[in-house]
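Numbers for residues simply follow the sequence, beginning at 1.
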Amino acid sequence: MTLDEGLLGGWPGERASWAPYYALHLLGRLRAHGCAAALLALLDRSEDWLADQLPPVWAQMGPPAEPVLWAYLADMTRPSDIRAVAARGLRAIAEAHPGRRRDIVAGFAQWLDRSAVEEATLNGYVILILKDMAAIEATDAVRRAFAQNKVDEKIVTPSDIPWKVR
């Protein structure tokens, strides 16, 4: 129901169009992490209002949804702003499951270290997520990303980070 084209094509003001919304949230509550990859199809839809609902749903699915999100984040065939939704999903998992925070922050730091200059936009989003997570343990990776000009400073600048990165 979440991916039903007939229902997804409606407007939020139409009753039937709310079925995918409720189905999506039910998948999260059921911890149906096996559906995490299929839900990525919502990111490919233009003007899809359900995509913003994905990070909290993935958080409810929990750590088993992480591999799908890391793989999507690394898929360079996708636009950076869309891949940032997967990064927000990882952040949501870290917030909902504090035991995963350390590994997710470390994963973001490794992402920054391995990424190329061409990933500057996504790197900016990742750094904003690290900032919002108060992930001072990623300071060195953030510092290196800025020093190597791998960050789109229209998204985030060193002065936006509350801890010293330059």
*Asks:* Evaluate the side-chain proximity of Leu112 to Arg144: yes if any heavy-atom separation is below 4.5 Å, no if none is.
*Replies:*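 With C-beta onward as the side chain, the pair stays apart.
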
*Asks:* Specify whether Tyr22 and Trp18 have parallel, tilted or perpendicular ring planes, treating 30° as the upper limit for parallel and 60° as the lower limit for perpendicular.
*Replies:*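 The arrangement is tilted - the two ring planes meet at 30° to 60°.
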
*Asks:* Looking only at non-hydrogen atoms, find the nearest pair between Thr121 and Ile155 and report the distance.
*Replies:*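 Taking every non-hydrogen atom into account, O-CD1, 3.4 Å.
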
*Asks:* If you compare all heavy atoms of Pro20 against all heavy atoms of Leu50, which two are closest, and at what distance to 0.1 Å?
*Replies:*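 Here Pro20 and Leu50 meet closest at CB-CD1, 3.6 Å.
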
*Asks:* Under 4.5 Å between any side-chain heavy atoms of Leu130 and Ile161, yes or no?
*Replies:*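 Heavy-atom side-chain distance check fails, nothing below 4.5 Å.
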
*Asks:* Determine whether Leu24 and Tyr21 satisfy the following criterion, side-chain contact (heavy atoms from CB on, under 4.5 Å), listing intermediate values before the conclusion.
*Replies:* CA-CA 5 Å; Leu24 176 64; Tyr21 172 89; 5.8 Å; no

*Asks:* Just how far is it from atom CZ of Arg45 to atom CD1 of Ile82, taken to the nearest 0.5 Å?
*Replies:*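 Atom-to-atom, Arg45:CZ and Ile82:CD1 are 12.5 Å apart.
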
*Asks:* Considering all heavy atoms of both residues, which atom of Trp111 and which atom of Ala74 are nearest to each other, and what is their separation?
*Replies:*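 Of all heavy-atom pairs spanning Trp111 and Ala74, the closest is CZ3-CA, 4.0 Å.
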
*Asks:* Could Arg101 and Glu137 be called an ion pair, given the rule that one side-chain N must be under 4.0 Å from one carboxylate O?
*Replies:*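 Here Arg101 pairs with Glu137 in a salt bridge, since their nearest N and O are under 4.0 Å apart.
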
*Asks:* Would a 4.5 Å heavy-atom cut-off, applied to side chains only, mark Leu39 and Met61 as touching?
*Replies:*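 They are in side-chain contact.
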
*Asks:* Would you say that His33 contacts Pro63 through its side chain, given a criterion of any heavy-atom pair below 4.5 Å between the two side chains?
*Replies:*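 Contact flag for His33/Pro63 side chains = no.
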
*Asks:* Could you tell me whether Ile136 atom CD1 has more than 12 heavy atoms of other residues or ligands within 6.0 Å of it?
*Replies:*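 No, the 6.0 Å shell around CD1 holds no more than 12 heavy atoms from other groups.
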
*Asks:* Determine the minimum heavy-atom distance between Ile104 and Leu90, stating which atoms define it.
*Replies:*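 Distance-wise, the nearest heavy atoms are CD1-O, 3.3 Å.
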
*Asks:* Look up atom CG in Leu122 and atom CG in Asp152, then write down how far apart they are to the nearest 0.5 Å.
*Replies:*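 The CG atom of Asp152 is 11.0 Å from CG of Leu122, to the nearest 0.5 Å.
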
*Asks:* Measure the shortest side-chain to side-chain distance between Val68 and Trp58 over non-hydrogen atoms and say whether it is less than 4.5 angstrom.
*Replies:*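 No, their side chains stay 4.5 Å or more apart.
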
*Asks:* I would like to know whether Arg88 and Tyr125 meet side-chain contact (heavy atoms from CB on, under 4.5 Å); could you show each step before the answer?
*Replies:* CA-CA 9 Å; Arg88 287 183 19 234; Tyr125 292 131; over 6 Å; no

*Asks:* Looking only at non-hydrogen atoms, find the nearest pair between Tyr72 and Arg78 and report the distance.
*Replies:*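 The answer is OH-CD, 3.4 Å.
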
*Asks:* To the nearest 0.5 angstrom, please state how far the CD atom of Gln53 sits from the NE2 atom of His25.
*Replies:*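 Rounded to the nearest 0.5 Å, the CD-NE2 separation comes out at 3.5 Å.
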
*Asks:* Say whether, by atom type as modelled, one donor and one acceptor occur between the side chain of His97 and the main chain of Ala59 under 3.5 angstrom.
*Replies:*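 Answer holds: yes.
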
*Asks:* Determine whether a donor-acceptor pair (N or O, by modelled atom type, separation under 3.5 Å) exists between the side chain of Arg29 and the backbone of Gln60.
*Replies:*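 The answer is no, because no donor-acceptor pair under 3.5 Å joins these two groups.
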
*Asks:* Is it possible for you to say whether Phe108 and Met76 belong to one hydrophobic cluster, with membership spreading through side-chain heavy-atom contacts below 4.5 Å?
*Replies:*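 No, because Phe108 and Met76 fall into different hydrophobic clusters, even though each may have its own neighbours under 4.5 Å.
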
*Asks:* Linking I/L/V/M/F/W/Y whenever their side-chain heavy atoms sit closer than 4.5 Å, directly or via other members, would Leu128 and Trp163 fall into one cluster?
*Replies:*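 Yes, it is one cluster - the side chains of Leu128 and Trp163 are joined through contacts under 4.5 Å.
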
*Asks:* Do Lys150 side-chain atoms and Ser115 backbone N/O form a donor-acceptor pair below 3.5 Å?
*Replies:*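 Answer holds: yes.
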
*Asks:* For a quick test of reading the model, state the closest non-hydrogen atom pair linking Asp160 to Lys131 and the distance between them.
*Replies:*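 So the minimum-distance heavy-atom pair works out to O-CE, 3.1 Å.
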
